[in-house]
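Just below is one structure, and these are the notes that go with it.
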Amino acid sequence: MHTIVDLNSPTAPAQLVSACEELGFFKLTNHTISLNLMENLEDEAVKFFSLPLWKKDAAGAAPSVTAAAGLATWATSALNEYITAVKKLACELLELMAEGLGLRPRNALSKLLMDEESDLILRLNHYPPCPVSRESSSGGVTGFGEHTDPQVISILRSNNTWGLQVLPRDGRWVPVPPDQSSFFVNVGDSLQMLPALTDSPQVLTNGRFKSVKHRVLTNSLQSRVSMIFFGGPPLKERVAPLPHLMEEGEESLYREFTWCEYKATAYASKLVDNRLELFEKR
Ligand SMILES: C=C1C[C@]23C[C@@]1(O)CC[C@H]2[C@@]12CC[C@H](O)[C@@](C)(C(=O)O1)[C@H]2[C@@H]3C(=O)O
Ligand SMILES: O=C(O)CCC(=O)C(=O)O
Ligand SMILES: [Fe+2]
């Protein structure tokens, strides 16, 4: 079962750090984003997804979040309000994580997303109901295949339909009970790389935070609508372990790369591929 982090709790920084170290995934409660704000965008998404294909196609390829103002033809205000709120939340979480890790300055991680050139994506997914075939080995039809997210942090909100599953490192797929008023947060590949060493011998690794594998199975009766904010650094930003967290003389497990390089590799790979492996020093 995943951790539930209460954003209002005085121990939130420590809770965040252990959730990111253990599974790389947690449910976030007591945030300040209203259900109304989430539902406004969900309603717009439902309207959009019910349009005929040719109209959806006409909306064109997804622009980046920073270009959302250019999306004037579709749900601009619901999108902009949601993006502003969720970006602020992502930065708040990264600041609390930095505090939990004892990092100075406090914005060591959040500044990656605050930069005006940060690479932010908002993705809206719709999974129509889909009856389970007898051949299905996973107990459901795959809606979104297993993968890790390449960015720093992903913040997911869905309606109350089951489907999301996470994979602990040495375990089995765990279904995540949906909760339309909470967020589900996962560590992305780039955050796995960033915080370097820990003093605990069991986890003496640069990958102190875990980029969790996850997938979505469709539901046979209800449709699932999810919106996920992916926070990535500016394309030119170097992704390297934070020196403050490295022990003296200790080497990074990964070679240094820019987010642009990593993203290009990720986007040229298959969804299921282990992309971080390609950047490990051997
Ligand atoms: C198959 C792919 C889809 C994806 C780009 C990729 O080549 C591998 C990473 C995929 C992923 C997973 C997280 C996000 O949903 C996403 C938008 C991202 O940044 O990386 C998707 C990419 C996509 O759908 O284009
Ligand atoms: O739609 C979901 O619930 C999760 C999708 C996802 O993991 C992704 O878009 O990267
Ligand atoms: Fe994902």
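Atoms within each ligand, like the ligands themselves, are counted from 1 in listed order.
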Just go through H147, E146, R215 and tell me whose heavy atom is the nearest to atom 6 (C) of ligand 2.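 Nearest option to atom 6 (C) of ligand 2, by heavy atoms: H147.
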
Closest by any non-hydrogen atom to atom 2 (C) of ligand 2: pick that one out of F184, F144, Y127.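 Going through F184, F144, Y127 one by one, Y127 has the nearest heavy atom to atom 2 (C) of ligand 2.
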
At their closest point, which heavy atom of [X] faces which heavy atom of [Y], and how far apart are they?
X    : Y    : answer
V166 : H214 : CG1-CB, 4.1 Å
A12  : D6   : CB-O, 3.7 Å
S182 : T29  : OG-CG2, 3.8 Å
A90  : L113 : CB-CD2, 3.8 Å
F209 : V187 : CB-CG1, 4.0 Å
Y262 : S190 : CD2-OG, 4.4 Å

What distance do L221 atom CG and C130 atom SG have between them, rounded to the nearest 0.5 Å?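 One gets 11.0 Å once the value is rounded to the nearest 0.5 Å.
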
Can you report which non-hydrogen protein atom sits closest to atom 3 (O) of ligand 2, along with the distance?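 Closest protein heavy atom to atom 3 (O) of ligand 2: R224 NH2, 2.6 Å.
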
In the protein, what heavy atom is nearest to atom 5 (C) of ligand 2, and what distance, to one decimal place, separates them?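 So the nearest neighbour among protein heavy atoms is N125 ND2, 3.3 Å.
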
Could you check, using the six-membered ring where one of them is a Trp, whether F25 and H2 have ring centers closer than 6.0 angstrom?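 Distance test on ring centres: under 6.0 Å, yes.
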
Sphere of radius 2.8 Å around the Fe ion (ligand 3) - protein N, O or S atoms inside: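 Protein N, O or S atoms closer than 2.8 Å to the Fe ion (ligand 3): H147 NE2, D149 OD1, H214 NE2.
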
Just so I know, are the side chains of L103 and L109 near enough to count as touching, which here means a heavy-atom distance under 4.5 Å?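 Yes, their side chains come closer than 4.5 Å.
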
Report, in ascending order of atom number, the atoms of ligand 2 lying under 4.0 Å from any heavy atom of [X].
X    : value
D149 : 10 (O)
F230 : 8 (C), 9 (O), 10 (O)
H214 : 7 (O)
R123 : 9 (O)
L156 : 2 (C), 3 (O), 4 (C)
S226 : 1 (O), 2 (C), 3 (O)

Salt-bridged, E99 to R106, with N to O below 4.0 Å?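 Yes, E99 and R106 are salt-bridged.
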
So which protein residues pack against ligand 1 under 4.0 Å, heavy atoms counted?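 Residue list for ligand 1: R123, F144, H147, D149, P150, Q151, F230, A266, Y267, S269, L271, R275.
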
Result of checking I121, D119, L120 against Q151 for side chain to side chain contact (heavy atoms under 4.5 Å, CB included):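 When I121, D119, L120 are each tested with Q151, the side chain to side chain contact (heavy atoms under 4.5 Å, CB included) holds only for I121.
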
Distance-only polar pair, side chains of D149 and S154, donor-acceptor under 3.5 Å: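 Present: a donor and an acceptor within the cut-off.
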
Linked, directly or transitively: L271 and V216 (ILVMFWY side chains, under 4.5 Å):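 Same hydrophobic cluster.
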
Before giving the answer on ring pair (Phe, Tyr, Trp, His ring centres under 6.0 Å), spell out for H31 and F183 the whole-Å C-alpha distance, their side-chain angles and the decisive distance to 0.1 Å. CA-CA 8 Å; H31 57 80; F183 287 103; 4.6 Å; yes

